[in-house]
Every structure is written in structure tokens, then in C-alpha cells.
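Positions are given from 1, in the same order as the sequence printed here.
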Amino acid sequence: MTMMSGVPDDTRLRYPIADVPDPEAMRRVALDSTVAELSPIVFSSLPRADQRRKGTMYLRGLLGATGRKSIRNIASFLGDQVNDQGLHHFINDSTWEWAPMRETLGRYLVHHLPLQACVLHLMVIPKSGPHSVGVARTFSWERGQAVTAQQVIGVWGVSARTASPLNWWIHLPPEGAPGAPRDHRAPSAPEGPGPATPEDSMVSAYLETVSRLRLPRCPVTLNAERLDAIRISSRLSAAGLNHISRIAGDTWLLPDDPALPGWGESPLQASQIAHLAKAGRRRVAVFPTGAPGGAMELVATVRVRLPTVLDRAHRGRGRPEFLLLAVGRGGSHWPEELWLTDVRTADPAALLRLVGHSRRVEGRGVPRAERVGIRDFVGRSFAGWHRHATLASVAHAATELAERRLVA
């Protein structure tokens, strides 16, 4: 097998364009071409040819293996090209650094997919036992019960047509966390206490991503409906980051709008404030009139403040001002969504575009990341988890870029 830029020939285009018979074959052509273009770039940080070859093989397995993207299933898909012991060592016990590969991929994506926003997304990944990296007892809203699980934060870059993960962060539970193994500090995990809560980890993950990728300033969006929205909103504002967060209806806020019926000095739940503002709803186009995919939504906005300030950075300076955005679609239920933002000067249409970025990551980006294996790592190695997640990000980027080629 010949090599080019340290990458095996079999990642290069295998289907002549003239012979492409159907849409599925066209998709494979676009994906093969994208992998051939991307591999020399992202694997350039791997010092040895055998590591670059295994990285390419693992990427092919993430893209092609059916079912769970475990090392065993990937090795089975690849057949005699590689054995599972070699892949296991490459992911869990090898010496290659995952951070340079992830940074190279992130900078490539930011260059080719101009950012409109960054989306923070928390995934709860249930595990069958206490022996996976970062596991602890936490509540799963999907299952409606407490589970032993990992909590994984994705930092997503969103452009006009794509959403790709730029960074991953696994929240390591503090010492003595319920459900965590007694020796819960995963092999190769950083020393010392990490962020205390998943909300703190989300902010840390974003700040790390901005620093490493030298990202341009852009709004941060996230779904904090099942998180401590006050904590994370306060921390993001204290860090000087403009953001918009989906919040739960029972989130307590201080109305700060004398024109609001029933306005007073006492905190109210966000859903109550939205009902008081219902008469002021107006229809807003998510996209300019006539644009493909345009839609109308009912929107009401109310100035509010946080009832408590958790960050010391805000103490002594008064409570920061926010805007509560209530959203509905004309049905009997109002509001359908509630969003809290410190972007107080933006018009409702601009805020709805930011909301749409978060919806895109949840509805399309995360399912695609799951298909290429972001949930499927098994093991206690912190570095192993990050190597797997980094290669899953490469697989995700390849599918996104290939799709762009098909619609270009």
C-alpha cells in the first residue's frame, strides 16, 4: 500500500464520478473525497506513520461500522486490516496527544465554516457500572430516574448551514460524589479538583475552547432548562460572554419592567412573567420574508434581573440586567419555550436566530455525533476517552463537509 502525506491510499476517492449510479453512492463519493482531504490535515500531529494509519482506520470504522462504535465492532468492520488489540492500545495506552489534533480540526472548521454562534450542550450518557471514566449518579430526564452516567459537554460551532463539535469536556465528579467509584479519578486525568458542577464545567469548556482555538467573539447559546440556569447565566455574564439560555418555567426572576401588569418587587417564576406579558405578544419572522424555511413565531420580551447573584464578580455592582424571551407558535399552550439573555439590545428576530442554533445542535448535530460514536467509549482512561471523542469529531466533521459538497 502506497502512502501520501502519511495517509493510506485507501482513504482516497474510490468511485469515479461518471460511474456514480444513485444518491447513496454519491454520498459515499463525497465522504471518501472529504476523508482524503481531511485526514492529512488532522493526522499531521501524529508523529509516526503507524499511528497515522491506525487513526485513519479508526476514522473509517467510526464512519462505516454498524451499531455501537466500540473498538471490537470497529475492528470487526475493518477485518484483517487491523486487530482489536492494536486499536485498543492506540486509543487507551498510546502516547499520542489528542489536544493538537482537536485544535487542528477546530481551526480548520472555523476557517471553512464561519461561526455565527457557539452552542454548549450537555449530554448524560448512562453506563452499566462504575468503571467508566467520569461516572457518578445523576438524574436522567430522558429516563425519568437517577442513573449511573457520564456528563459530557460539547462546544459546538454553528454556521449558517452546519453545526460541528469544536471541543469535548467530560465532567469529573468531585471526591465522594454519589455513584462514583472509590478510586474515581480516571487514569491520566488531570490532578487537583476540577469544576464543581456540570454548569461550571460548561463555562470552563467554552473558555478553554476560545483560548485554544483563538475563536472570534460570538454569542453563546445553550439549553439550561434542566440545569441551574441562574448559576450558569451568572457565570457567563461575569466572564463577559453574551449568551442566551433556555430556562425552565419555574426559574425565579425579578421583573424589571414597570409596564408589565402586576409588576412588583417580588420574584416571580419565568412562566408567570410570560403570562403577564401575553397581551404584548407579536409575530416575528425567524428568517426574512420569502427566505427558504422561514417561519413565524409568537414572541414576548420582558426586562428582568436575577434574584440572586452567585458570582463574586457581580457583588457590589448590582444585579445584572437580562431579557426574558417567551416563545410560542400560536397553540393553546403559552409559552412553549422560555429563554434568558443578556443580549438586551438585539431585536426579537435576531434572538430567534440564536435560539435556532441551539435547536439545530439538539435536533441534528447531537444525533449525528451519536451515530459516529460519541456515546460509545468504554474504559477508565481519561486520555482514551478524549482520543475517541476527538476521532468522533473528525468523523462528524467529515460527514458535515461531505454533505455540503453534495448540496453545493
*asked:* Under a 3.5 Å distance rule, please check whether R387 uses its side chain to pair with a backbone N or O of S94 as donor and acceptor.
replied: yes
| said: I'd like to know whether R246 forms a side-chain hydrogen bond (donor to acceptor under 3.5 Å, both in side chains) with S358, so could you lay out the CA-CA distance, the side-chain angles of the two residues, the decisive distance to 0.1 Å, and finally the verdict. | reply: CA-CA 9 Å; R246 185 172 180 177; S358 183; over 6 Å; no
- Can any side-chain N or O of R282 pair as donor or acceptor with the backbone N or O of V299 at less than 3.5 Å? no
Of all heavy-atom pairs linking T104 and V42, the shortest is CG2-CA, 4.3 Å
Original post:
Counting N and O atoms only, with roles assigned by atom type, does the side chain of D84 sit under 3.5 Å from a partner on the main chain of R72, one being a donor and the other an acceptor?
Top reply: no
Scanning both residues in full, the closest heavy-atom pair of Q269 with G249 reads CB-O, 3.5 Å
Nearest heavy-atom approach of R231 to E199 is CD-CB, 4.2 Å
(request) Evaluate the side-chain proximity of W339 to L324: yes if any heavy-atom separation is below 4.5 Å, no if none is. (result) no
Looking at R303 and E321, is any side-chain nitrogen of the basic one under 4.0 Å from a carboxylate oxygen of the acidic one?
no
Quick one: does K127's side chain have a donor or acceptor within less than 3.5 Å of a partner on T148's backbone?
no
Original post:
Between the side chain of T341 and the main-chain N/O of H243, is any donor-acceptor distance below 3.5 Å?
Top reply: yes
Under 3.5 Å: donor-acceptor pair, side chain of Q81, backbone of L78: yes
- Query: Does H111 NE2 have over 12 foreign heavy atoms under 6.0 Å away?
  - Reply: no
- prompt: Are side-chain heavy atoms of V284 and L352 found at a separation under 4.5 Å?
  reply: yes
To the nearest 0.5 Å, atom OH of Y108 lies from atom CG of L113 at 8.5 Å
Sequence neighbours excluded, the answer for side-chain contact (heavy atoms from CB on, under 4.5 Å) partners of R359 is E297, V327, R329, E337, V355
Value for OG1 (T66) from CZ (R371), rounded to nearest 0.5 Å, stands at 14.5 Å
In this structure, OG of S245 is separated from CG of L236 (nearest 0.5 Å) by 6.0 Å
When rounded to the nearest 0.5 Å, the distance separating CG of L166 from SG of C118 is 6.0 Å
Any donor-acceptor pair under 3.5 Å from T209 side chain to A205 backbone: yes
So CG of L105 and OG1 of T390: to nearest 0.5 Å the spacing works out to 8.5 Å
Note: R161 and R364 closest approach over all heavy atoms is O-NH1, 3.9 Å
Answer with yes or no whether the side chains of Q150 and R375 bring together a donor and an acceptor at under 3.5 Å.
no
In short, V361 meets P367 closest at the heavy-atom pair O-CD, 4.2 Å
Can you find a heavy atom in the side chain of V133 that is under 4.5 Å from one in the side chain of V135? no
Heavy-atom nearest pair, W169 first then E208, reads CZ3-OE2, 3.7 Å
| field | Note, L253 side chain near L340 side chain (heavy atom, < 4.5 Å) | value | yes
| task | Using modelled atom types only, decide if a donor and an acceptor are shared between the side chain of T197 and the backbone of D200 within a distance under 3.5 Å. | result | yes
With no hydrogens and no angle check, is any side-chain donor or acceptor of W96 less than 3.5 Å from a backbone partner on F90? yes
Q: State whether a side-chain donor-acceptor pair under 3.5 Å links T162 with S159.
A: yes
- Query: Thinking salt bridges, do E370 and R68 make one under a 4.0 Å N-O criterion?
  - Reply: no
To the nearest 0.5 Å, atom CG of L351 lies from atom OG1 of T221 at 11.5 Å
With distance as the sole test, does R107 use its side chain to make a donor-acceptor pair with the main-chain N or O of R212 at under 3.5 Å?
yes
- Could you check whether the rings of F377 and H388 sit parallel, tilted or perpendicular, using 30° and 60° as the cut-offs? tilted
request  = Could you check R102 against H386 for side-chain hydrogen bond (donor to acceptor under 3.5 Å, both in side chains), going step by step and ending with a plain yes or no?
outcome  = CA-CA 9 Å; R102 193 178 296 181; H386 273 289; 2.9 Å; yes
Should L354 and H357 count as side-chain neighbours, where that means a heavy-atom distance under 4.5 Å? yes
May I ask you to test the V220-L120 pair for a side-chain heavy-atom distance under 4.5 Å? yes
Contacts of T251 meeting side-chain hydrogen bond (donor to acceptor under 3.5 Å, both in side chains) (sequence neighbours excluded), chain-then-number -> none
Inset, instruction - Check the surroundings of atom CD in E225: do more than 12 heavy atoms from other residues, nucleotides or ligands lie under 6.0 Å from it? - result: yes
Requested in this report: Let me see the working for E403 and R27 under salt bridge (Lys or Arg N to Asp or Glu O under 4.0 Å), right down to the final yes or no.
Outcome: CA-CA 8 Å; E403 190 170 277; R27 187 193 69 82; over 6 Å; no
Checklist entry - Ring centres of H121 and W168 under 6.0 Å apart? => result no
